Amino acid sequence: MGSSTLSTVLVLVVLIIVVIIAVIRVKKKGGCGCGKPDCDCCSSKHKHK
């Protein structure tokens, strides 16, 4: 029973990490929805000046 509980906890931890990474990516990508490189809503790394 101990090993099955441990594997369940490991699966949950992996799922939580994947969800956190996905949320961070969506928040970073969501900063600019227009797709224009010179848009003011984009972060500085996307500007081409």
Side-chain angles (χ1 to χ4, degrees):
M1 184 173 166
S3 61
S4 63
T5 303
L6 180 64
S7 62
T8 304
V9 170
L10 286 175
V11 169
L12 288 174
V13 168
V14 170
L15 284 174
I16 290 169
I17 291 172
V18 169
V19 169
I20 290 171
I21 291 172
V23 168
I24 290 172
R25 284 187 179 180
V26 168
K27 284 184 178 181
K28 283 184 179 179
K29 191 185 296 183
C32 180
C34 64
K36 294 180 181 177
D38 59 343
C39 179
D40 291 333
C41 73
C42 295
S43 61
S44 60
K45 68 180 180 179
H46 292 298
K47 291 184 180 179
H48 301 283
K49 287 187 178 180

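We count residues from 1, following the sequence as given. In this text, all values refer to a predicted model and were calculated from it rather than measured experimentally.
- The hydrophobic cluster containing Ile21, built from Ile/Leu/Val/Met/Phe/Trp/Tyr side-chain heavy atoms closer than 4.5 Å, also comprises Val9, Val13, Ile17.
- With sequence neighbours left out, the side chain to side chain contact (heavy atoms under 4.5 Å, CB included) criterion links Ile16 to Ile20.
- Taking every heavy atom of both residues into account, Ser4 and Ser7 meet most closely at O-OG, 2.8 Å.
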